[in-house]
Amino acid sequence: MYEYRLKLIRSNRKTILLKIDRDLSVTVNAPRYISKTELDRFIESKSGWIQKHLELAKRARAESESINFNSQILSELKKQASAVLPERVGYYAAVLNVKYSKLTVRLNISNWGSCSSKGNLNLNALLMLMPPEVIDYVVVHELCHRLFMNHSPKFWSAVSTVLPDCDKSRKYLAENGGKYITALRNFKQTEQLKM
């Protein structure tokens, strides 16, 4: 029925979540109470989103093969990020009038940034490979979670109040960022195999 592998996980969640996996399969996390017919209808309604994100993931996988990370490059990126990102976070924290507890710079293989409920920020050192406006977008995005720990309309309004062109940066990251995350993941897997 589908042109891709579909994994269904039922749980006590209240909403349906779609995710493109590393192996280019699609995982659907769904509430237990939703019928198969309703689920099929939902998946069909999201077919455009699924195809678009599968294509982005395929492209990222192909493009990541041309990116050659090594320990020295990654160490330099982390050092650069540790110098640049605290200044950007401090600047935008003041603009948004929010406080955060701690900033950690990591080489993440799953996201560009995160913000915990305790106010701890994690930012990906790979941001140093992105244009400045994309770096600012990720910083502002995570700091806005100090106001709203969700992705509600109020959250997006706060982000776009500070960065009116945030949709361009968000799109750039979605279309171009995956190849770097994939290349880092591949490098880390290769290094683990050597051990």
Side-chain angles (χ1 to χ4, degrees), residues 9 11-22 27 29 31 49 53 56-57 60 67 69 71-185 187-188:
I9 299 171
S11 67
N12 292 330
R13 61 180 298 115
K14 292 185 167 107
T15 58
I16 301 172
L17 174 74
L18 285 175
K19 185 176 84 166
I20 307 298
D21 297 316
R22 293 176 194 165
T27 297
N29 290 293
W49 182 94
H53 285 84
L56 287 172
I67 300 170
F69 284 134
S71 297
Q72 184 180 350
I73 290 170
L74 294 173
S75 176
E76 283 300 316
L77 280 174
K78 198 165 178 188
K79 190 192 295 184
Q80 185 183 2
S82 295
V84 171
L85 294 175
E87 184 271 327
R88 302 313 297 149
V89 169
Y91 173 79
Y92 282 111
V95 168
L96 285 158
N97 195 27
V98 296
K99 295 191 183 319
Y100 61 95
S101 299
K102 184 173 86 174
L103 170 62
T104 305
V105 175
R106 293 193 171 120
L107 288 160
N108 294 330
I109 60 169
S110 59
N111 61 34
W112 292 100
S114 64
C115 176
S116 75
S117 57
K118 293 180 179 177
N120 295 323
L121 302 178
N122 290 301
L123 293 173
N124 196 328
L126 294 181
L127 283 169
M128 294 301 95
L129 300 171
M130 298 293 117
E133 62 273 13
V134 174
I135 296 171
D136 287 349
Y137 161 70
V138 174
V139 167
V140 169
H141 181 115
E142 298 312 331
L143 284 169
C144 282
H145 282 310
R146 297 301 297 134
L147 301 169
F148 308 98
M149 281 302 287
N150 55 44
H151 290 110
S152 65
K154 286 181 179 179
F155 167 85
W156 289 113
S157 176
V159 174
S160 62
T161 297
V162 177
L163 299 173
D165 285 345
C166 66
D167 285 345
K168 290 179 185 171
S169 294
R170 188 177 175 193
K171 184 178 180 201
Y172 181 93
L173 201 56
E175 292 177 354
N176 299 287
K179 63 186 172 190
Y180 296 103
I181 296 273
T182 302
L184 178 61
R185 185 181 303 124
F187 171 77
K188 285 188 171 188

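Along the sequence shown, residues are numbered consecutively beginning with 1. Just so you know, these numbers come straight off a predicted model, no measurement behind them. Just so it is clear, the values below take in all heavy atoms, side chains as well, and ignore hydrogens, waters and symmetry mates.
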Plane angle bin for Trp156 and His141 - parallel if under 30°, tilted between 30 and 60°, otherwise perpendicular = perpendicular
inquiry  = Quick one, Asn124 and Ile181 - any side-chain contact, counting heavy atoms below 4.5 Å?
reply    = yes
dist Ser114:OG -> His145:NE2 (nearest 0.5 Å) comes out at 9.0 Å
When every non-hydrogen atom of Trp112 is compared with those of Tyr180, the smallest separation belongs to CH2-CB, 4.4 Å
Less than 4.5 Å apart, side chain to side chain, heavy atoms only: is that true for Leu121 and Lys102?
no
side-chain hydrogen bond (donor to acceptor under 3.5 Å, both in side chains) filter on Asn120, not counting sequence neighbours, yields none
Here the pair of heavy atoms bringing Pro86 nearest to Ala81 is CD-O, 3.6 Å
Rounding to 0.5 Å, atoms CZ (Arg185) and OG1 (Thr182) come to a distance of 5.0 Å
Identify every side-chain donor-acceptor pair in residues 165-174 under 3.5 Å, counting partners at least two apart or on other chains, and give the distances.
from	atom 1	to	atom 2	distance (Å)
Ser169	OG	Glu133	O	3.3

The side-chain contact (heavy atoms from CB on, under 4.5 Å) partner of Leu17 among Asn29, Thr27, Ile9 is Asn29
Residues Ala93 and Leu143: closest non-hydrogen pair is N-CD1, 3.5 Å
Closest non-hydrogen atoms of Met149 and Cys115, given as atom of the first, atom of the second and distance, are CE-O, 3.3 Å
Contacts of Tyr91 meeting ring-ring contact (aromatic ring centres under 6.0 Å, His included) (sequence neighbours excluded), chain-then-number -> none
Separation between CG (Leu85) and CG (Leu123), nearest 0.5 Å, reads 5.5 Å
Any chance CD of Gln72 has more than 12 other-residue heavy atoms, nucleotides or ligands included, within less than 6.0 Å? no
d(Arg106 CZ, Lys78 NZ) to nearest 0.5 Å is 8.0 Å
Here the pair of heavy atoms bringing Ser152 nearest to Asn150 is OG-OD1, 2.8 Å
Worksheet item: Do the side chain of Asp136 and the main chain of Arg88 share a donor and acceptor less than 3.5 angstrom apart?
Response: no
Sequence neighbours excluded, the answer for side-chain hydrogen bond (donor to acceptor under 3.5 Å, both in side chains) partners of Tyr100 is none
Heavy-atom closest pair (Phe148 atom, Ala158 atom, distance to 0.1 Å) is CE1-CB, 4.2 Å
To the nearest 0.5 Å, atom CD1 of Ile73 lies from atom CG of Leu129 at 9.5 Å
Taken in chain and number order and not counting sequence neighbours, the residues that satisfy ring-ring contact (aromatic ring centres under 6.0 Å, His included) with Trp49 are His53
The complete set of salt bridge (Lys or Arg N to Asp or Glu O under 4.0 Å) pairs with one or both residues in residues 137-158, sequence neighbours excluded, reads none
Practice task
Please answer whether the main-chain N or O of Leu163 pairs with a side-chain N or O of Ser160 as donor and acceptor at a distance below 3.5 Å.
Solution key: no
Is Val159 close to Tyr137 at the side-chain level, that is, under 4.5 Å between some pair of heavy atoms?
yes
Value for OG (Ser75) from CD (Gln80), rounded to nearest 0.5 Å, stands at 11.5 Å
For a 4.5 angstrom cut-off between non-hydrogen side-chain atoms, does Asn111 reach Asn108? yes
I would like to know whether Leu74 and Leu77 meet side chain to side chain contact (heavy atoms under 4.5 Å, CB included); could you show each step before the answer?
-> CA-CA 5 Å; Leu74 294 173; Leu77 280 174; 4.3 Å; yes
